[in-house]
Amino acid sequence: MKQLFRFSVMLLAILLPALATAADFAVDGICYNIKGNEAAVASRRVPGFLFIGYSGAVVIPATVTYDGTTYPVTSIETIAFWGSTELTNVDIPNSVTEIGQEAFGNCPGLTSIVVDSGNPRFDSRNNCNAIIETADNELIAGCKNTIIPNSVTKIGNFAFEACSSLTSIVIPNSVTEIGHYAFYSCDSLTSIDIPNSVIEIGYGVFEDCPGLTSIVVESGNPRYDSRNNCNAIIETADNTLIYGCKNTTIPNSVTTIGDYAFDGCHGLTSIDIPDSVTEIGYGAFAGCDGLTSIVIPNSVTAIGGDAFNNTAWYKNQPDGMVYAGKVAYKYKGTMPSGTNMTFKEGTLGIAGYAFEDCTGLTSIVIPNTVTSIGDGAFYNCSGLTSIVVESGNPRYDSHNNCNAIIETASNTLIAGCKNTTIPKSVTAIGDLAFAGCDGLTSIVIPNSVTSIGDMAFAFCDGLTSIVIPNSVTEIDYFAFYECFGLTDVYCYIADLSRVSTGYEPFYLDRYGYSGRTLHVLQGTADAYRADENWYPYFGQIVEDIFIGDVNRDLEVNIADVNVAIDIILGGNDDTIAADVNGDGEINIADINALIDIILSGTQN
C-alpha cells in the first residue's frame, strides 16, 4: 500500500495550505485560533484564503490578550508557518505543548529556532536550531542552520520539508529512524551519509532532492547498504533500491527499484537497469524530466503506476500503448471509442494505471503470458464491458464469464467493469478494483467475500445501492469514496466488533449525507450509530433488514419461501437475502432455515 499511503500524505501536505481558514484574531502580527480557554498559533490568512505568511523574527508569547480575555498560548497548529519564505527566526515559549505536523514546512529562510528552557514537552538542546520532542528525543522541525544533537534518536516526518537552503546535514550515530518525507524537496542538499545506527527509513525521505549527488550508507549498517559505491540506499535483505540520485549506478544484484526511488531527480539523464531487476516500483522515475535514455531489460515483469510519468523518455514515445521492455506501461494519447485492446506477443506485465482514463476501451483480452497486473490498471475505463483472461494463464483467470480479472491463488478480484458478476468463489475485492467505473450501477457482493480493498469502488458515480454481506470482516479506507449516487447501503454485518474498517470508507468530499440511508439488521442500529466509521456518512440508519426476508417486503412468510425456491431452481443466487443460514450457498438448507423462522414466529 505504499503508493496509497503516499498519495494520502502528499494530498494532505499539498491541500492543507490552501484549505486553512481565517484565524479568530491577530495580535502583534501573529494569528490565533481560540481553543476553549486557550489560544493556538494559526496560519496568517484572511477571508478569501489569501496567504500572507510570517516574516522576520517571530517571538510567540506565553499569553495573548484579545477582547478583554487573556489566553495561554498552548499550541502551534498544523502548517501554521508553512510557506513563510521570509521567516528568519522563531522563539517558542514554555507554554506551548502541542506543535502540529509541517508547522514550519517550506520556510527556506528560517535560520534560528529556539524553544524556551523550562518547556515541559519540547527543547532546543545544545543550541541546535531545531525543535526536539524531549521525552522520545525526536527532532520534529529543523532549519538550514540545524545541528542535530547526538542525543536525537529520530528525525521526524517532514522535519526539514522544502528546506531549500539546506546544503548539508550530519546525522549522528544516535539516530535510528528517519521519518516519512523528512528531507522532502530539499533542493540544495547535495550529499547525505546514513550512519550504521539507522535501521528505519520512511517513505519519500529524499524525494524531489535534485541536487543530491552522493548517498552513502556506512558499512556495518544491519539493514541498508550502498554496495559498489552505487550512490544509493539499498535494503540489503531483499535487494531493493529505495533511494537513488542523479549519480546512481544500479548494482547488478538489485532485484527491485522501490516506489519513488528516483522521483523528482531532475538531473538524471540516463540510467541502465541491470537484468537482475524484476520489478520497478510506483512512481520510481516520475518527475525525472531530464531522463531521455533508459534501458529496461526483459527481466522486468512488473512496473508500478506512473513509474516514468513526466520523463523525457515517456514524452518522446509515439501515441498508443507504450511498452517498457515487455511490460505494457501506459496508453498514451486518446483511445478511439470502441477499442478492443490486444497486446504485443510475449507481454509479461501490465503496469498500474496503464489504461487510466481510456474511456474508449470496450473490451480487453489478457494474454496467458501476463503474470503481473498493477493496481488501478483500468482506472476510469467507463466504457469497458468485457474483460477476459486467456485460458492457461498461470496467475489470473476470468472464471464463470465474470468479466473481471481474478488472482487465482488468493481468489482476489483485482479488476472489474460495469458488466462484472462477482463469482461466489471470490474472497477479496482488491484495491481500486472498480475505481472510476462510472457505468457500474449495481453489483452483488457474494457471501464469500471477506474484504473490500482500498478505494475499491471509489468514483463509481452511477452506483446507487450496494449490499454488504455478513461475511465481510474488512472494509479498507475510502472504499466507496465519492460514490455520489450511492443512496442505499444494505449491510448484513451483525457484529461490528469483528470488522476492521479503514479511514472514511463512505466519504464524500462535497454534498451532504442526508439522502443516504444505511439499512441494517434488527437490533444492530445502535452499534452502527456509535461507530465513527459508519454514522457520519448516512443521513439515517434504519433497522429494516430481516433474516429470511428474501423479497425485502419487511415480512418473513411463505412468499419468501417461494422466491427462494425460484432462485434455487433457476440457478440464480444473486441475492444475499436468500442465503438465510449465511453459509455462502443458496440451497435446500436455506429453505429449511426459512421455514424454521416462520414457524418460530421470529424475524430477527
So how far is it from Ile422 CD1 to Ile406 CD1, rounded to the nearest 0.5 Å?
9.0 Å
Treating Thr78 as the side-chain partner and Gly100 as the backbone partner, does any N or O pair qualify as donor plus acceptor under 3.5 Å?
no
Heavy atoms, side chains only, cut-off 4.5 Å: are Cys358 and Thr339 in contact?
no
Kindly write out the residues that satisfy side-chain hydrogen bond (donor to acceptor under 3.5 Å, both in side chains) with Asp289, not counting sequence neighbours, or none if the list is empty.
His266
Less than 4.5 Å apart, any side-chain heavy atom of Thr256 and any of Asp238?
no
Flag for Asp397-Thr408: side-chain donor and acceptor within less than 3.5 Å:
yes
For Ser471 and Val449, indicate whether the former's side chain and the latter's backbone hold a donor-acceptor pair under 3.5 Å.
yes
Run Tyr224 and Glu235 through side-chain contact (heavy atoms from CB on, under 4.5 Å) and show every step you take.
CA-CA 5 Å; Tyr224 305 106; Glu235 199 155 22; 4.3 Å; yes
To check you understand the geometry: which heavy-atom pair defines the closest contact between Glu279 and Val277, and what is its length?
O-CG1, 3.5 Å
Can a donor-acceptor pair be found, under 3.5 Å and without considering hydrogens, that links the side chain of Thr421 to the backbone of Cys402?
no
Can you name the residues that form a side-chain hydrogen bond (donor to acceptor under 3.5 Å, both in side chains) with Asn340, not counting sequence neighbours?
Thr362, Ser363
One should read off an interatomic distance between Ser188 OG and Lys144 NZ, to the nearest 0.5 angstrom, of 9.5 Å
Is the shortest side-chain heavy-atom distance between Ile364 and Phe355 below 4.5 Å?
yes
When rounded to the nearest 0.5 Å, the distance separating SG of Cys437 from CG of Asn380 is 9.0 Å
Heavy-atom side-chain contact between Phe160 and Leu189 under 4.5 Å
no
Using side-chain contact (heavy atoms from CB on, under 4.5 Å), reason through Asp375 and Tyr282 one step at a time and then give a plain yes or no.
CA-CA 10 Å; Asp375 288 346; Tyr282 191 98; over 6 Å; no
Which value, rounded to the nearest 0.5 Å, describes the distance between Ile303 atom CD1 and Ile280 atom CD1?
4.5 Å
For the residue pair Tyr481 and Phe478, categorise the inter-ring angle as parallel (less than 30°), tilted (30 to 60°) or perpendicular (more than 60°).
tilted
Expected output: side-chain Tyr329 to main-chain Phe308 donor-acceptor under 3.5 Å
yes
Tell me whether the count of non-hydrogen atoms from other residues, nucleotides or ligands lying under 6.0 Å of CD in Glu86 goes above 12.
no
Spatial distance of atom OG1 (Thr255) from atom CG (Asn239) [nearest 0.5 Å]:
5.0 Å
Set of residues satisfying side-chain hydrogen bond (donor to acceptor under 3.5 Å, both in side chains) with respect to Arg395, sequence neighbours excluded:
Glu407
Give the minimum heavy-atom separation between Ser398 and Ala404, together with the two atoms involved.
OG-O, 2.6 Å
Expected list for residues 241-250: side-chain donor-acceptor pairs under 3.5 angstrom, two or more places apart:
residue: Tyr243; atom: OH; partner: Gly202; partner atom: O; Å: 2.6
residue: Tyr243; atom: OH; partner: Gly204; partner atom: N; Å: 2.7
residue: Tyr243; atom: OH; partner: Val205; partner atom: N; Å: 2.9
residue: Asn247; atom: ND2; partner: Thr213; partner atom: O; Å: 3.4
residue: Thr248; atom: OG1; partner: Asn231; partner atom: O; Å: 2.6
residue: Thr248; atom: OG1; partner: Cys245; partner atom: N; Å: 2.7
residue: Thr248; atom: OG1; partner: Cys245; partner atom: O; Å: 3.1

Between Asn393 (side chain only) and Val370 (backbone N and O only), is there a donor and an acceptor less than 3.5 Å apart?
yes
Return each pair, listed once, that meets salt bridge (Lys or Arg N to Asp or Glu O under 4.0 Å) where at least one residue sits in residues 316-334; pairs must be two or more places apart or across chains.
Asp306-Lys330, Lys330-Glu356
Does atom CG of Asn401 have more than 12 heavy-atom neighbours, drawn from other residues, nucleotides or ligands, at distances under 6.0 Å?
no
Using a 3.5 Å distance criterion without hydrogens, assess whether the side chain of Asp225 forms a donor-acceptor pair with backbone atoms of Arg227.
yes
Is the shortest heavy-atom distance from the side chain of Phe506 to the side chain of Thr501 under 4.5 Å?
no
Test your reading of the model: is there a side-chain donor-acceptor pair from Thr369 to the backbone of Thr347, 3.5 Å cut-off?
yes
Using modelled atom types and a 3.5 Å cut-off, is there a donor and acceptor pairing between side-chain atoms of Tyr396 and backbone atoms of Ile366?
no
Enumerate the residue pairs fulfilling ring pair (Phe, Tyr, Trp, His ring centres under 6.0 Å) with a member in residues 400-453, sequence neighbours excluded, ordered by first and then second residue.
Phe434-Phe457
For residues Tyr537 and Glu504, is any side-chain donor paired with an opposing acceptor at under 3.5 Å?
yes
Check: Tyr260 ring centroid to Tyr203 ring centroid under 6.0 Å:
no
Tell me if a side-chain donor or acceptor on Thr301 pairs with a main-chain N or O of Gly349 at a distance below 3.5 Å.
no
Considering all heavy atoms, the nearest Ile257-Ala284 contact:
CG2-CB, 4.1 Å
Any non-hydrogen side-chain atom of Ile405 less than 4.5 Å from a side-chain atom of Phe378?
yes
Checking Phe183 against Ile155 for the side-chain contact (heavy atoms from CB on, under 4.5 Å) test, could you report, in this order, the C-alpha distance in whole Å, the side-chain angles of both residues, the deciding distance, and whether it holds?
CA-CA 10 Å; Phe183 295 94; Ile155 301 172; 4.2 Å; yes
Worked check of side-chain contact (heavy atoms from CB on, under 4.5 Å) between Thr385 and Lys418
CA-CA 6 Å; Thr385 59; Lys418 62 183 179 181; 3.3 Å; yes
With a 3.5 Å distance limit and no angle check, can you tell me whether Ser451 reaches the backbone of Ala428 through a side-chain donor-acceptor pair?
no
Distance, nearest 0.5 Å, that separates CG of Asp263 from CG of Asn309
10.0 Å
Any side-chain heavy atom of Glu161 within less than 4.5 Å of one from Tyr181?
no
So which atom in Thr292 and which in Ala312 form the shortest heavy-atom distance, rounded to 0.1 Å?
CG2-CB, 3.6 Å
Tell me, do Tyr379 and Phe459 make a side-chain contact under 4.5 Å, heavy atoms counted?
yes
Looking at every heavy atom in both Thr371 and Pro394, which two are closest together, and how far apart are they?
CG2-CG, 3.9 Å
Residue pair Ala351 / Ala377: nearest heavy atoms and the distance that separates them
O-CB, 3.8 Å
